[in-house]
Structures are given as structure tokens and as C-alpha cells.
Amino acid sequence: MTETQTPDATTAPLADQRPYSPGLEGVLAGETALSKVDGERGRLIYRGYRIGDLVERGSYSAVANLLWTGEWAPAHRLPTEPIPGPVLEILKALPTSTKPMDALRTAVSAWGATQDLPWPPTVDQARAVTSFSPSALAAFARLREGKEPVEPDPSLDLVEGFLYQLKGERPDPGTARALDAYFVVGAEHGFNASTFTVRVITSTRSDIASAVAGAIGTMKGPLHGGAPSEVVDQLAKVGSVEHAEEWLRGALDRGERLMGFGHRVYRAYDPRAAALRKVAEGMEHKPDWLQLAIQVEDVALRVLAERHPERALKTNVEFYAAPVLQGVGLTPDLFPATFSLARHAGWTAHVLEQSGDNRLIRPDVRYIGPAERDLPTG
Ligand code: ACO
């Protein structure tokens, strides 16, 4: 075919030579003022502020407000909100074997059905869903154990309130602070898969509850949000530092992935892992396997560097999320849903950003099926 010929259906598939990157790796699919993930240098900023500084001097509520409004107001507070009656009834109707991520996704979807969420989405809508979801997850976690849900205490800020509603008693300040730090590092992270989902849903002018429910579904996958509980499982299998090298090499020989290592964007050490390691080491009630984790990390980094000299595989956020989450008293099956609670701030900030300068997200796809043909006769 020459350049002057119009491609027809027979030649078009072969003629479509536009670049395609599997997994959209390295593709710019939007613009954001919310965060920058610098994978080469291992740096993360939210609206310009370094993640390490935000962990040390901020709180989740202040960070959420920063993401939504662009304003740094360190005293900003965001208490959890009560669960609407119909949503509570739905949570009560779920089987006790329901996975917490499924319960949270269902709760957000049902919450959306009880709200008036007109377009365009607002900061108030973002606040409302972000402060509803911790109550819903805490209620489900209690209901499945046959306990009554605990009403929100408006005097508590979001993370402390979540722990209170989960346990039925106020957490000690160190515990609340450690989980708050986890929420800060989990709040936002560029165009990860769940945030991209939020952008796509919002671009259709759908509502904020649909966007967050879709994001929870995306985050449910083990390649995105499921790793910290698997970190705990893997460390239990490793057992001791003497056994670590042999176990890790065996896992790689079997084609398994080491949980808590590797990242699509980071080629350097994940700055969120560095911040959470500090938090984990400073915790009063650290899990007894934290020391083992620190030792296993060194061995894993050495073995991964040997196996994959072509691709830098470093520690990711999930590795040190595991001891923090376990240290504050969460069971591993609550880890992914707790990560989702933290990411509400970023998801909803992306809803606001997308709606503020919206264009329907509708990329193209290269057709690789059979050329146009006649149906077989007979
Ligand atoms: N352990 C062993 N090998 C790994 C690991 C790992 N953790 N991560 C990547 N590799 C290997 C892959 O096997 C692949 O080698 P191959 O081409 O010979 O198969 C190579 O490194 C490149 O890996 P990709 O799959 O291209 O990396 P990708 O960017 O798609 O994946 C991911 C990133 C999913 C995080 C991956 O590193 C992984 O599975 N890690 C373990 C799970 C995990 O920790 N997830 C949490 C991520 S952080 C987050 O979502 C908040």
C-alpha cells in the first residue's frame, strides 16, 4: 500500500503501526498537580511536599485536605461519619466469610445509592465518602465476629476513630500515630491502576461513589493491594534468618515473586517503605517478626539483584506496611481494605481534578484479529 491509498479493513490491522506499550508502561495518560512519583530517584511528593516530611509533621486528615484543596492546614480534622441505615442492613446481610474488600466495595456502592451526588463532584462529596468508609469497614469487621458496630466518636480524628470503631476502645496515641503514618503514605500515588480506574469512571461524568467502588475493585487484585498480607505469609514460611537465603532462592526457582519487592515505577528504594520502616521500628507494640523482616530484606535484595541484574527490584511500600498494620492490631485479611481507606484521599482528589478539566477517556486499541471476511455459508 502506498501512502496515498486509503487503508481498507483487509490491510488496516497490519497498517496500524502506532506505538503500543503493554500495561501502558511509560505512557503519559494525563496530567496531575496532586503527586509526583520519581521512580529513578525514589522520591514522592504530594503537591510539592516530601512524603517523609508529611509523615513526620502531618496527619492523614491534613494530607487529604491538601490533596483536595491545595491548602496546607495541619490542624485540619476529619472525623468518621455514621453509616446510613440501609447500608448497615446490607452489611449485616453479607455472609461472615465475605472478604473485607468485597464488603467495603459493596458498602461504598450502597452508600452511593443513598446519597445525592450531582455532577460536578465537590470537596464535600470527597470528604463524605472518605469519612464514611472507615465506619463501614470497622462495622463489617465487628459484625462478622458477632459484635455490634460502634458509632463514630466525633471528637476523634479519622484514623483514631477508625481504630476506636474497630476495637470498641480508644487506641493509645502511639498506635493511632503509627496507623496515621501508614494512611499518609498510602494516600496518593499517581496513575496507579485504581486511580486510573477512578479517572476513567469520572471522565464519563459518573458519580464519586461509582468511581471509588470501581477503584476498590481494582485494588483488590494481589498485584496492587494484596501484597502486605502475603508478606506476613512469606515471612512465616521463611521462619528464620539462617533459612532465608535458601527459602528465597527456592521461591524464585519455583517462579514465585517475593512479596513486598519490585514496582512498576520505582527503580530506587520506595520512599514510602523507608518512612514506614522508621514508623515500624519506633512502634511500642511491634510484631515479633519485625527483626526477621529487616534481616530478610537484606538477603532478598541481594538475591533479587543477582537474579535480575537488568531490572532494579527494590523494597516496596507493602513490605513495611505489613509490620505497621499488624503492630496496630489489624488482622492480615483487613490489610488490603485498610490500604483502600487510606487511598480514598487520593482517589477522590483525582475525581475532583478529572472533573475540573474533563475529557472522556477513550483510548484506541490495535485490532489483531482476522481481517474482514464473509461468514461461512450453510
Ligand atoms: N519477585 C521476584 N521477581 C520479580 C518481582 C518480585 N517481587 N517483581 C518483579 N520480578 C521480576 C519478574 O518476574 C520479571 O521477570 P521475568 O520478565 O523474567 O518474568 C521482572 O522482574 C520484571 O517484572 P514485571 O512483572 O515486568 O514488573 P511489573 O512492573 O509488571 O510488576 C509488581 C510490578 C506487580 C509490583 C511486581 O514487582 C510484583 O509482582 N511484586 C510482588 C507483589 C508486590 O509486592 N506488590 C505490591 C506492589 S506496591 C503497590 O501496589 C502499592
Side-chain angles (χ1 to χ4, degrees), residues 20-27 29 35 37-40 42 44 46 51 55 101 181-198 215-235 237-238 244-245 247-277 293 296-325 332 335-347 350:
Y20 159 58
S21 172
L24 301 186
E25 188 164 0
V27 172
S35 70
V37 182
D38 181 345
E40 291 305 323
L44 171 63
Y46 294 169
I51 191 67
V55 167
M101 282 297 263
Y182 169 80
F183 269 57
V184 169
V185 306
E188 159 57 13
H189 210 236
F191 261 32
N192 56 84
S194 57
T195 300
F196 191 56
T197 303
V198 158
I216 296 168
T218 306
M219 191 174 256
K220 193 181 157 194
L223 297 188
H224 193 356
S229 52
E230 297 186 40
V231 168
V232 180
D233 291 347
Q234 273 194 351
L235 284 170
K237 287 181 194 155
V238 169
E245 180 145 358
W247 192 91
L248 295 171
R249 285 187 189 282
L252 292 175
D253 289 344
R254 293 191 295 277
E256 291 173 19
R257 291 191 171 197
L258 306 185
M259 289 297 146
F261 296 91
H263 197 271
R264 175 58 63 84
V265 181
Y266 288 119
R267 294 291 157 253
Y269 200 98
D270 185 333
R272 302 169 301 169
L276 286 184
R277 176 175 169 168
V296 167
E297 180 191 15
D298 286 342
V299 182
L301 289 173
R302 181 161 49 77
V303 172
L304 283 169
E306 204 182 281
R307 291 285 173 111
H308 289 280
E310 77 302 339
R311 188 170 181 103
L313 294 172
K314 303 282 192 224
T315 316
N316 68 43
V317 61
E318 309 283 28
F319 194 75
Y320 284 109
V324 172
L325 293 174
F335 291 1
T338 307
F339 181 24
S340 291
L341 295 183
R343 188 52 62 83
H344 270 52
W347 286 336
H350 278 274

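Both counts, for ligands and for their atoms, begin at 1 and track the order of listing. If you're wondering where the values come from, they're calculated on a predicted model, not measured in any experiment.
Checked by distance only, ligand 1 and Arg311 come closer than 3.5 Å through their nitrogen or oxygen atoms. Between Asn316 and ligand 1, at least one N/O pair is under 3.5 Å apart. Residue contacts with ligand 1: Leu258 is placed with a nitrogen or oxygen under 3.5 Å of a nitrogen or oxygen of the ligand (distance criterion only). Checked by distance only, ligand 1 and Phe261 come closer than 3.5 Å through their nitrogen or oxygen atoms.
Both the backbone and the side chain of His224 come within 4.0 Å of ligand 1, judged by heavy-atom distances. Under 4.0 angstrom from ligand 1, the non-hydrogen atoms of Arg257 come from both its backbone and its side chain. Neither the backbone nor the side chain of Arg307 comes within 4.0 Å of ligand 1, counting heavy atoms alone.
Those atoms of ligand 1 that come under 4.0 Å of a heavy atom in Leu304, given as number and element, are 1 (N), 2 (C). Applying the 4.0 Å criterion to heavy atoms of Arg264 picks out, from ligand 1, the atoms 28 (P), 29 (O), 30 (O), 33 (C). Applying the 4.0 Å criterion to heavy atoms of Glu318 picks out, from ligand 1, the atoms 46 (C), 48 (S), 49 (C), 51 (C).
Using a 4.0 Å heavy-atom cutoff, Val231 is absent from the residues neighbouring ligand 1. At least one heavy atom of Leu252 sits less than 4.0 Å from an atom of ligand 1.
Between the side chain of Glu230 and the backbone N or O of Met259, no donor-acceptor pair lies under 3.5 Å.
A heavy-atom distance below 4.5 Å is not found between the side chains of Asp38 and Leu44.
With sequence neighbours left out, Tyr266 forms a ring-ring contact (aromatic ring centres under 6.0 Å, His included) with His189, His263. With sequence neighbours excluded, the residues that form a ring-ring contact (aromatic ring centres under 6.0 Å, His included) with Phe319 are Phe261.
For the residue pair Thr218/Ser194, the side-chain donor-acceptor check at 3.5 Å is not satisfied.
Of the charged side-chain nitrogens involved, none lies within less than 4.0 Å of a carboxylate oxygen, so that Arg343 and Glu188 do not count as a salt-bridged pair. A salt bridge is absent between Arg277 and Asp270: the closest approach of a Lys/Arg side-chain nitrogen to an acidic carboxylate oxygen does not fall below 4.0 angstrom. In summary, Glu245 and Arg249 engage in a salt bridge, as defined by a charged side-chain N under 4.0 Å from a carboxylate O.
Trp347 and His344 have their aromatic ring centers within a separation under 6.0 angstrom.
Considering only non-hydrogen atoms, atom 9 (C) of ligand 1 lies nearest to Leu313 out of Thr315, Val303, Leu313.
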